[in-house]
Every structure is written in C-alpha cells, then in structure tokens.
Protein chains: 2
Amino acid sequence: MSEKRNTVGRLADDTGVKPVTIRYYEKIGLLPKATRSESGYRLYSEEDHSRLLFIRRSRGLGFSLDDIRELRSLADRQQESCAGVDAKVEQQLVQVRSRLKDLHAMEHELERLSACCDGGVIMDCRIIETLSGSA
Amino acid sequence: MSEKRNTVGRLADDTGVKPVTIRYYEKIGLLPKATRSESGYRLYSEEDHSRLLFIRRSRGLGFSLDDIRELRSLADRQQESCAGVDAKVEQQLVQVRSRLKDLHAMEHELERLSACCDGGVIMDCRIIETLSGSA
DNA sequence: CTGGTGGTTATAGTAACTATAAGGTCAATA
DNA sequence: TATTGACCTTATAGTTACTATAACCACCAG
C-alpha cells in the first residue's frame, strides 16, 4: 500500500482516465463524491479506483454512461441473478453489430467511389456525380 | 413539373431528411437561405433538392457536416482536378476502417463475455468479474 | 520565496441533431 | 362561414460525453 496521496492526477495516471473526465463522472453521479484533503483536493480509495476501471472497461465495450449506471446497480446486488447483466451485454452486442453493418456498407461504397475516380477534373468526376445524382 | 408548393415538408418527404433538420442545415449555412412564400413559408427549387440529396448521401457515407461543406466547395469548381475529392474519400475510408476495427474488437469481447455467463447470481458472475477485475 | 506542476471552480463550446413551446397558415369540411 | 387539423414559423433548451478556457489556490524543489 503505497501511501502516496491519491489525488485525481494519480488516479488518472493509474486508470488512463483524464482528471477532467473523472471530475465529470463525479459531477453526474457516476462516481461518488470523493473525500477531500484539508486543502480541498480530491482523495481516492482503492474502491474508487476499481469503480473507475469498471467504467473505463464498460466504455471500451461501447456502453453508454447510462448503461454503465445500470450495470453498476445490477452488479451491486450480489445475491440476485445475473440475467440482467447478461441481457445488457446481449443488447450491446446487437447494437455493435448493427453499427458494424452500417460501417461495412459505408466502407464498400467508399471503396467503390474511390475506385471510380480517374484523376480527371470535377466536371467528369464520377464521385461527385454519384453523390449528386438522382438515382 | 408538378406545381405543388415545394414546402419544407414536401422536400422532407422527397429526400428523407426531416423538416427540422433541413431548417438546421439552412441555419448553419449548409443549405442556402430558402426563398419564402408571401406568408413566410420556405419554398424549394430543384437545385435545393439536389443539394440536400448530396448532403444526405454524404452523411450516409459518414462524412461530417464540415467535410460536406468542403466537398461541396470542391465540387463547385468544375474545372479543377478532382484529386481533393478523391483524397477526402480516401481519408473517410481510413476513418471508417479504424472505427470498424474498434467495433470488431468490441464485438469479440462482448461475445466472450456473453459466453462466460452461466446464469448464476451476480456474486459468481464472470461478466461483472471481468469488468471489475484489475487485469 | 519563487517557479512550476497540479489541484479547484464555473462557464461555454463541440457534433448533429431532437424536443418543446407558442403561435401563424392553409385546405377542407360541417 | 366557422372551425378543424395538418403543417408552417420562431426561439430556446436538451442530448452525449466530453473538451477548452479562465481565474484562482496548493504543494514541493531549488
């Protein structure tokens, strides 16, 4: 247990979440209000640390902050079934896949457009033609 | 040439872009200020129609409104090389692919999480464990 | 004791809309 | 003709998840 002062900057370095963002999470109630040093600096515990990691990991999976709030509250009820958690993961998977589908379509269309550019002038540009065209 | 009044609602129906959004585009200068009827209704021409389609198609490829502004201005210089347009398409392709990579990673991780849920209680939930865990 | 780093607050800005309120217009119907 | 209902107008505020800015205070090293 290193007794360095667990200020917001240190927590930021440890978790990869910026100080401003940590304060923002506190402000919207996603993190509990931090305890303060005499001079008013925020101080964090191990628990805060893991709470923040939980948020960061969930964000990395594309969950919204509201989703994460829900996940947290589900996770806090230790004795209950984890069906709710599983459902949220499934739901997120559906969203991610839908977004993937859209992006794949964009990728293909962009490739098609890119391929039909022959380096001429705008007047003859198939890209512009496609974007403007009435089809 | 049907002489129905080309109001914002009609343009919306024709293009699939909502009236509010059309007004918004006008407000931020992406569409020119519409001419007005005596009573103040916006009226649109064929040109407005195709300008809006250009925007909608570009949005469909993931271009930002600022990108679209640039694309428009490139497209308007008929005599110039379309290299700039092509470059923008390439750039967009890079972004889309990067986003695809991220989403694929999310998908795999979500699949992994989903698979490790065995329907027990939160206490034993591997999903929560993974999200909270220090690894 | 001074400088630099890092902490504090509050406010405004970002993208691309969406929602709401409060009102004016138009075409058709009772 | 009066009224209904759909559609138009404006302005303002809310959304998501931050980021940027300003102005100020605390801490530590030299």
Side-chain angles (χ1 to χ4, degrees), chain A residues 3-31 33-44 48 51-52 54-72 92 95-96 99 102 106, chain B residues 2-31 33-44 48 51-52 54-72 92 95-96 99 102-103 106:
Chain A
E3 275 309 321
K4 269 182 149 173
R5 307 179 54 252
N6 294 310
T7 62
V8 76
R10 192 145 147 60
L11 184 60
D13 288 346
D14 287 356
T15 58
V17 181
K18 295 187 210 152
V20 270
T21 304
I22 295 174
R23 290 189 205 107
Y24 170 69
Y25 288 164
E26 176 179 323
K27 191 161 149 195
I28 64 169
L30 196 57
L31 285 176
K33 296 206 167 187
T35 57
R36 299 297 183 114
S37 75
E38 280 189 19
S39 61
Y41 283 21
R42 284 173 181 79
L43 297 177
Y44 295 96
D48 295 319
R51 255 188 107 95
L52 184 52
F54 181 92
I55 296 170
R56 211 203 52 171
R57 295 228 175 80
S58 305
R59 287 294 293 141
L61 295 174
F63 285 104
S64 73
L65 297 184
D66 271 355
D67 285 334
I68 297 172
R69 235 186 273 268
E70 268 195 71
L71 278 174
R72 259 258 62 98
Q92 182 61 17
Q95 277 196 33
V96 165
R99 189 85 190 102
D102 291 350
M106 287 183 198
Chain B
S2 76
E3 274 309 321
K4 269 184 151 171
R5 311 181 49 250
N6 294 309
T7 61
V8 76
R10 195 145 146 60
L11 184 60
D13 288 345
D14 287 357
T15 59
V17 181
K18 295 186 209 152
V20 270
T21 304
I22 296 173
R23 291 189 204 108
Y24 170 71
Y25 287 163
E26 176 180 323
K27 191 160 149 196
I28 64 169
L30 196 57
L31 285 176
K33 296 207 168 189
T35 57
R36 298 296 182 116
S37 74
E38 281 189 17
S39 59
Y41 283 23
R42 285 174 179 79
L43 297 177
Y44 296 96
D48 295 318
R51 255 187 107 95
L52 184 52
F54 181 91
I55 296 171
R56 210 203 52 170
R57 294 227 176 80
S58 306
R59 286 293 293 141
L61 295 174
F63 285 105
S64 72
L65 297 184
D66 271 355
D67 285 335
I68 296 172
R69 236 186 274 268
E70 268 194 69
L71 278 173
R72 259 257 64 95
Q92 183 62 19
Q95 278 196 32
V96 165
R99 190 84 189 101
D102 291 349
L103 280 168
M106 286 183 200

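Predicted model, so just to flag it, every value in this text is computed and none were measured. Just so we're on the same page: letters track the sequence lines, and every chain starts at 1.
In this structure, B/L43 atom CG and C/dC26 atom P are separated by 10 Å, rounded to whole Å. Rounded to whole angstrom, the span from the CZ atom of B/F63 across to the P atom of C/dA16 amounts to 13 Å. Following rounding to the nearest Å, B/I28 (CD1) and C/dA15 (P) show an atom-to-atom distance of 9 Å. Between the CG atom of B/D66 and the C1' atom of C/dA15 there is a distance of 9 Å, rounded to whole Å. Atom NZ in B/K27 sits roughly 12 Å away from atom C1' in C/dT18 (whole-Å rounding).
Nucleic acid contact class of B/S37 (heavy atoms, under 4.0 Å, all strands): none. Nucleic acid contact class of B/R59 (heavy atoms, under 4.0 Å, all strands): sugar-phosphate only.
Of all non-hydrogen atoms in A/Y25 and A/L52, the two that sit nearest each other are CD1-CD1, 3.8 Å. Between B/L61 and B/V96 the shortest heavy-atom distance is O-CG2, 4.4 Å.
Residues passing the side chain to side chain donor-acceptor pair (under 3.5 Å) test with B/R99, sequence neighbours excluded: none. Residues passing the side chain to side chain donor-acceptor pair (under 3.5 Å) test with B/R51, sequence neighbours excluded: none. For the side chain to side chain contact (heavy atoms under 4.5 Å, CB included) test, residues two or more places apart in sequence or in another chain that qualify with B/D14 are B/R10, B/H49.
Contacts between chain B and DNA chain D, taken as any atom within less than 4.0 angstrom of a protein heavy atom, begin and end at D/dC7 to D/dT12.
Judged purely by atom type and a 3.5 angstrom limit, B/R56 has no side-chain atom pairing as donor or acceptor with the backbone of B/V17.
At the phosphate of C/dT18, OP1 or OP2 sits under 4.0 Å from a side-chain N or O atom of B/K18. Between A/R42 and C/dG7 there is no side-chain N or O to OP1 or OP2 distance below 4.0 Å.
Rounded to 10 degrees, the angle separating the terminal axes of the helix from C/dC1-D/dG30 to C/dA30-D/dT1 is 20°, with each axis obtained from five end pairs.
The distance from atom NZ of B/K33 to atom NZ of B/K27, rounded to the nearest 0.5 Å, is 11.0 Å. Atoms CG and CG, from A/N6 and A/D48 in turn, are 9.0 Å apart once rounded to the nearest 0.5 Å. Of the inter-residue distances, the one linking B/R59 atom CZ with A/M106 atom CE reads 8.5 Å to the nearest 0.5 angstrom.
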Under 3.5 Å, N/O pairs linking protein and nucleotides 1-6 of chain C:
residue: C/dG6; atom: N2; partner: A/Y41; partner atom: OH; Å: 3.1

N/O donor-acceptor pairs under 3.5 Å from side chains in residues 35-42 of chain A, not counting sequence neighbours:
residue: A/T35; atom: OG1; partner: A/L43; partner atom: O; Å: 3.2
residue: A/R36; atom: NH1; partner: A/G40; partner atom: O; Å: 2.7
residue: A/S37; atom: OG; partner: A/S39; partner atom: N; Å: 3.3
residue: A/S37; atom: OG; partner: A/S39; partner atom: OG; Å: 3.2
residue: A/S37; atom: OG; partner: A/G40; partner atom: N; Å: 3.4
residue: A/S37; atom: OG; partner: A/Y41; partner atom: N; Å: 3.1
residue: A/R42; atom: NE; partner: A/E26; partner atom: OE1; Å: 3.0

Could you list the donor-acceptor pairs under 3.5 angstrom formed by side chains in residues 62-69 of chain B, with sequence neighbours left out?
residue: B/S64; atom: OG; partner: B/D66; partner atom: N; Å: 3.4
residue: B/S64; atom: OG; partner: B/D67; partner atom: N; Å: 3.0
residue: B/S64; atom: OG; partner: B/D67; partner atom: OD2; Å: 3.2
residue: B/D67; atom: OD1; partner: B/K88; partner atom: NZ; Å: 3.1
residue: B/D67; atom: OD2; partner: B/S64; partner atom: N; Å: 3.2
residue: B/R69; atom: NH1; partner: B/I28; partner atom: O; Å: 2.8

